[in-house]
Amino acid sequence: METIREQLVQRPFTKSDRTKQYAITILSFVLGLAVLFFMINLFSSVYFLVGLVLGLLLAVGIIYLGYYLLGRLNVEYEYCVAGTSISVDKIIDRKKRKPLCSFDLRDATGFYHSRKDQGDAVAYSVEGDDGDIYTIEFNEPQSGEIYLYFTPDEKTLDMISIYLPRLS
């Protein structure tokens with residue numbers, strides 16, 4: 001019987017994310033109000049009501065776009081270990097799932113209990129807030145050498161360690 005383990009990890013919210021959050025909120029409201037007043041002034045003489053309705057629709061659209069962009073800052077990662085394979089998905093705003101990588105643990109060329117310098121290789125950094133950082137090194141025919149930086153919990157680590165006992 002195959003064992004399956006899924007772990008959901010929240011990406012840490014950085015100062016840069018906080019700055020983006022404030023900037024998006026302020027810009028969307030200011031730009032929405034500016035478009036509303038511009039449309040009212042543009043149609044002020046004869047078609048005031050048309051300018052008001054059109055301005056309100058555009059302002060609401062801009063504010064909704066800001067809300068959509070704020071949701072894109074909410075990122076989670078899901079590690080799924082099923083037997084000998086591991087896959088990592090990126091979940092954006094708990095709505096959209098994007099597969100990042102998937103490989104067989106037996107094909108891994110390295111497993112480290114720290115961050116390893118990847119040089120020119122492709123790196124997926126799917127770390128969470130809690131726990132130690134681990135690195136799995138593997139090769140893919142299309143991309144070449146790939147490093148996966150992640151923060152597994154104890155149960156996930158136990159499942160991976162069966163196939164990758166070489167901790168360094």
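Only a predicted model underlies this, so the values are computations on that prediction, with no experimental measurement involved.
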- Message: Using side-chain heavy atoms (C-beta onward) and a distance below 4.5 Å, is Leu57 in contact with Val60?
- Response: no
- Non-hydrogen atoms of Pro152 and Leu157 that approach each other most closely: CG-CD1, 4.0 Å
- Carboxylate-amine/guanidinium contact Asp158 Arg5, below 4.0 Å: no
- Note on the structure: CD1 of Ile146 to CG of Leu148, rounded to nearest 0.5 Å, is 9.0 Å
- Query: Closest approach of Ser102 and Ser87, non-hydrogen atoms and distance?
  - Reply: OG-CB, 3.7 Å
- Task: Compute whether any side-chain donor of one residue and acceptor of the other, for Asp104 and Ser85, lie under 3.5 angstrom apart.
- Result: no
- Message: For a 4.5 angstrom cut-off between non-hydrogen side-chain atoms, does Val88 reach Glu78?
- Response: no
- Message: Do Tyr64 and Leu31 land in one hydrophobic cluster if side-chain heavy atoms of ILVMFWY residues count as linked below 4.5 Å?
- Response: no
- Spell out, yes or no, whether Val35 and Phe38 are grouped together once hydrophobic residues are joined by side-chain heavy atoms under 4.5 Å, including indirect joins. yes
- Please round to the nearest 0.5 Å and tell me the distance separating atom CG of Leu100 and atom NZ of Lys90. 7.0 Å
- Query: Do you know which two heavy atoms are closest between Asp132 and His113, and how far apart they sit?
  - Reply: OD2-NE2, 3.1 Å
- Query: Are Glu76 and Arg94 ion-paired here, with the side-chain N under 4.0 Å from a carboxylate O?
  - Reply: yes
- Approximate separation, where rounding is to 0.5 Å, of Arg72 CZ and Asp93 CG: 9.0 Å
- Could you tell me whether Phe29 atom CZ has more than 12 heavy atoms of other residues or ligands within 6.0 Å of it? no
- Message: Is any side-chain heavy atom of Thr25 closer than 4.5 Å to one of Leu70?
- Response: yes
- Message: Is any side-chain heavy atom of Met39 closer than 4.5 Å to one of Leu58?
- Response: yes
- Heavy-atom check, side chain of Asp107 versus side chain of Asn139, under 4.5 Å: no
- Item | SB check Asp153 Lys155 (cutoff 4.0 Å) | no
- In Å and rounded to the nearest 0.5 Å, what is the CD1 to CG distance from Ile62 to Leu36? 9.5 Å
- Task: Would you check if Leu105 and Ile136 make a side-chain contact, meaning some heavy-atom pair closer than 4.5 Å?
- Result: yes
- Message: Please give me the minimum heavy-atom distance between Ile160 and Phe111, naming the atom from each residue.
- Response: CG2-CZ, 3.9 Å
- Message: Side-chain heavy atoms nearer than 4.5 Å, only ILVMFWY residues, links allowed to pass through others: does that put Leu73 and Val75 together?
- Response: no
- Item | From CZ (Arg18) to NZ (Lys15), nearest 0.5 Å | 11.5 Å
- Message: Taking ring-ring contact (aromatic ring centres under 6.0 Å, His included) as the definition, give me every residue that meets it alongside Phe103, ordered by chain and number, with sequence neighbours left out.
- Response: Phe138
- How about Tyr134 and Tyr112: do any of their side-chain heavy atoms sit closer than 4.5 Å? no
- Query: Are any side-chain N or O atoms of Gln10 and backbone N or O atoms of Asn74, one a donor and one an acceptor, separated by less than 3.5 Å?
  - Reply: no
- With a 4.5 Å heavy-atom cut-off, do Lys96 and Ile91 have their side chains touching? no
- Between CD on residue Glu6 and CG on residue Leu8, distance to nearest 0.5 Å: 9.0 Å
- Among residues two or more places apart or on two chains, list those pairs meeting ring-ring contact (aromatic ring centres under 6.0 Å, His included) that have a residue in residues 68-91. Tyr79-Phe150
- What heavy-atom pair brings Ala82 and Ile4 nearest, and what distance separates the two atoms? CB-CG1, 4.0 Å
- With under 30° as parallel and over 60° as perpendicular, where do the rings of Tyr147 and Tyr149 fit, or are they tilted in between? parallel
